[in-house]
Amino acid sequence: MDHLPRATSSASSTRVVDVLVPVALNQAYSYRVPRGMELEPGDVVCVPLGPREVIAVVWAHNDNPDPRLHNRLKDVGEKLDVPPLRDELRSLVDWVARYTLSARGMVLRMTLRMGEHLGPERTRTGVRLAGPPPQRTTPARRRVIELLSDGLLHGKSDAAKQAGVSVGVIDGLVDEGTLRAEPLPPAPPPPAPDPSFAMPDFSRAQRSAVDTMRTLAASGSFHVALLDGVTGSGKTEVYFEAVAEIIRRGKQALILMPEIALTGQFLDRFASRFGVRPLEWHSELTPRTRARNWAAIASGAAHVVVGARSALFMPYADLGLIVVDEEHDQAYKQEDGAHYHARDMAVKRASIAKIPIVLASATPSVETEVNARKGRYQRVVLPSRFGGQHMPQIEAIDLRREPPPRGRFISPRLAEEIRIAVERQQQALLFLNRRGYAPLTLCRACGHRFACTICDAWLVDHRFRQRLVCHHCGFSMPRPDACPHCAAEQSLAAVGPGVERLQEEASALFPEARTMVLSSDLVTSIETMRSELNEIAAGRVDIIIGTQLVAKGHNFPRLNLVGVVDADLGLSNGDPRAAERTFQLLNQVIGRAGREQGFGIGYLQTHQPEHPVMKALVARDREAFYASEIASRERTGYPPFGRLASLIVSAGDRAAAESFARRLASVAPADPRVQVLGPAEAPLAVIKGRYRFRLLVKSARAVDLSEYLREWLAAGPKTRGNLKLEVDVDPQSFL
Ligand code: ADP
Ligand code: ZN
């Protein structure tokens, strides 16, 4: 069969394969296959690349290598003992690279992120008590012996850590014969989830959705379903039934989440449904866990994987289902390296692999909503909250008529409602999507404003950290006592609110209440984040003050009141999706209220209660919002009715960036269906000392925009020196 030596046409009998290396290169390189090695496309190999050895993947047989190059080709070093990358994943890599105009090697890299322990896990050494006590005892030795007195085999480094000694102490005891070293058996495979462990009783409204999910999972063909239901309607419980069906069929399921740090509660819920936690995949895994999880995914030992967007590029042995939870979330867009949208690429992977995919959301993206309206996606509706709970009522507070006192941000009405909620021992959430204490600091004496030295941005006052911080590059400086400009002392004023300042205000208004700030910059690790969320869920906090971190995926059973401090914040940033984003975010935040106790309420502090987003929220009329938003996208040719791409040119020198952007624009291929707008200075004109210019490319939906861009860039000026050109197809950020 395939393992017979292949006939070769070249004079030499040596075979050649094209190997894709995980570096910023688009083309595969040819290597000779050493005698006795059998290689097929997908095999993971080690190859020499310049002075290094890198892990890479055989992409194709090369039956007609250029004979002149033949003697200069290097040999494949080694074939690794891991399952080959399947056709399905290699096609995805090619497709994503082509669509996003990224180097194929960079996309491949995402599939090989298994940490430094690539390949079969190293055998680890264990030790156990085996002989007489040592000649000389020390406190350290005594602790080790006591720890191992159970006679069992312990991992060597674990034992050292637990006994609080260096590994050398253990080695010494092995040399003296007190301990014996033995190889540790390999880690057992992750326990299998049990699809029948604890299935809930579904309500009547849920039952037909559950049936659809099971049928979908059983179909084993490409099919997109939009699971559409308000927060708390049971979407998670319902898509778990699709997952259960996949487990029964012995295939793997992938559940994508926008923010893996927030999934602690989710992992527990999964465990109460299926008996064990799923496998996690995200960037914060330790190298050893990463290697082990990668191997479990590739071998098929992992049945269900929960992960951030990068989990999409894992080498599943037999993927049968993808679920994209909160499919509208913009965290699915990867903004550095390859600019890809994980939800869209997930749909692509499902179509290549011919498997079903479920997109779940209470406020679908306009793109997905249009696909559902046109019948390209099947809409599966959960009409109401589970258990007869109501969605929160929403009221606008017109800040023009009911402003907060000077220098304060909580209006009298909102303050009064919070007071009542706290008195009734219910939780309240103050939502403000701004980290830190104040977004701007200025000198009252001379008007000097503190700006980043290398970005076009104000420095944000962070009182907890006692520093002024740039949110774009991370630059920070201590908050000075005197103005660096005019030397006036005690003259600095904080302008505008951040969550830290709101906490100060809330504590002043409600001195008895326990407050907690949840903000990504205050989170030191996933574990502390998870424990803080548990504190809240357990009711040990009265007033939560949070950024969008709190909007996502959390169930706070005692939370009944949500106050949005600045509902207009996201509306005025020049982003074509500003209205959609604001609608989704505010819906999601307010949806946190009243999930278990019934009657939640949300207050929107706004200067424009007549804005369509505010009106749709207050009237709880989702359809009105989509109707107006879809009509406006259609009229203006914005996605999904047209296509967009951004080209961002940056350089250390402003004139160089601008002139390059102009030259680029001047050679754009003429096509009546494509419009090139700009170049214009980017809204964030300088980041990290680099001046930025943007071109926006807008085309009809039928145009292959990636191909258009490729031709354009191939013919256009080449970046040199520190000039950089970034391509962002389907941009989500316009800064
Ligand atoms: P969503 O994902 O739509 O926000 P969830 O699946 O989180 O909704 O469900 C909301 C709450 O209702 C959860 O606590 C969930 O466990 C509970 N729930 C939903 N459906 C059922 C059911 N059929 N039986 C028991 N509890 C349910
Ligand atoms: Zn900066």
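Both counts, for ligands and for their atoms, begin at 1 and track the order of listing.
- The two residues Ser361 and Glu327 have their closest heavy-atom pair at CB-CG, 3.9 Å.
- Of the listed residues (Gln265, Gln588, Gln206), the one carrying the non-hydrogen atom nearest atom 20 (N) of ligand 1 is Gln206.
- Distances from atom 15 (C) of ligand 1 to the heavy atoms of Lys235, Glu237, Arg207 show the closest one on Glu237.
- Judged purely by distance below 3.5 Å, without hydrogens or angles, the side chains of Glu532 and Asn534 never pair a donor atom with an acceptor atom.
- Note: Phe270 and Phe266 have tilted aromatic rings, judged against thresholds of 30 and 60 degrees for the angle between ring planes.
- The atoms of ligand 1 that sit less than 4.0 Å from any heavy atom of Phe202 are 23 (N).
- Checking Gln588 against Gln584 by side-chain atom types alone, no donor-acceptor pair falls below 3.5 Å.
- With 3.5 Å as the limit, one finds no donor-acceptor pair spanning the side chains of Arg592 and Gln427.
- Of the protein's non-hydrogen atoms, Thr236 OG1, 2.7 Å is the one closest to atom 2 (O) of ligand 1.
- With a heavy-atom cut-off of 4.0 Å, Pro200 touches ligand 1 through its side chain alone.
- Contact annotation for Asp201 and ligand 1: only backbone heavy atoms (N, CA, C, O) come within less than 4.0 Å of the ligand.
- The protein heavy-atom contact nearest to atom 4 (O) of ligand 1 is Gly232 N, 2.8 Å.
- If you number the atoms of ligand 1 from 1 as listed, the ones under 4.0 Å from a heavy atom of Thr231 come out as 4 (O).
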* To do: For salt bridge (Lys or Arg N to Asp or Glu O under 4.0 Å), just list the numbers for Arg373 and Glu623, CA-CA rounded to whole Å, side-chain angles, deciding distance to a tenth of an Å, and then say yes or no.
  => CA-CA 12 Å; Arg373 288 184 180 204; Glu623 293 318 302; 2.9 Å; yes
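- With a 4.0 Å heavy-atom cut-off, ligand 1 is reached by the backbone of Val230 but not by any atom from C-beta on.
- Of the protein's heavy atoms, Phe386 CD2, 3.8 Å lies nearest to atom 12 (O) of ligand 1.
- The protein heavy atom nearest to atom 7 (O) of ligand 1 is Arg269 NH1, 2.7 Å.
- When atom types are taken as modelled, the side chain of Glu417 and the backbone of Leu561 share no donor-acceptor pair closer than 3.5 angstrom.
- The closest protein non-hydrogen atom to atom 14 (O) of ligand 1 is Asn555 ND2, 3.7 Å.
- Asp325 and Tyr239 share a donor-acceptor pair across their side chains, judged by distance under 3.5 Å alone.
- Proximity to Gly234 (heavy-atom distance under 4.0 Å) selects the following atoms of ligand 1: 1 (P), 3 (O), 5 (P), 6 (O), 8 (O), 9 (O), 19 (C).
- Judged by distance alone, the side chain of Thr368 and the main-chain N or O of Ser365 form no donor-acceptor pair under 3.5 Å.
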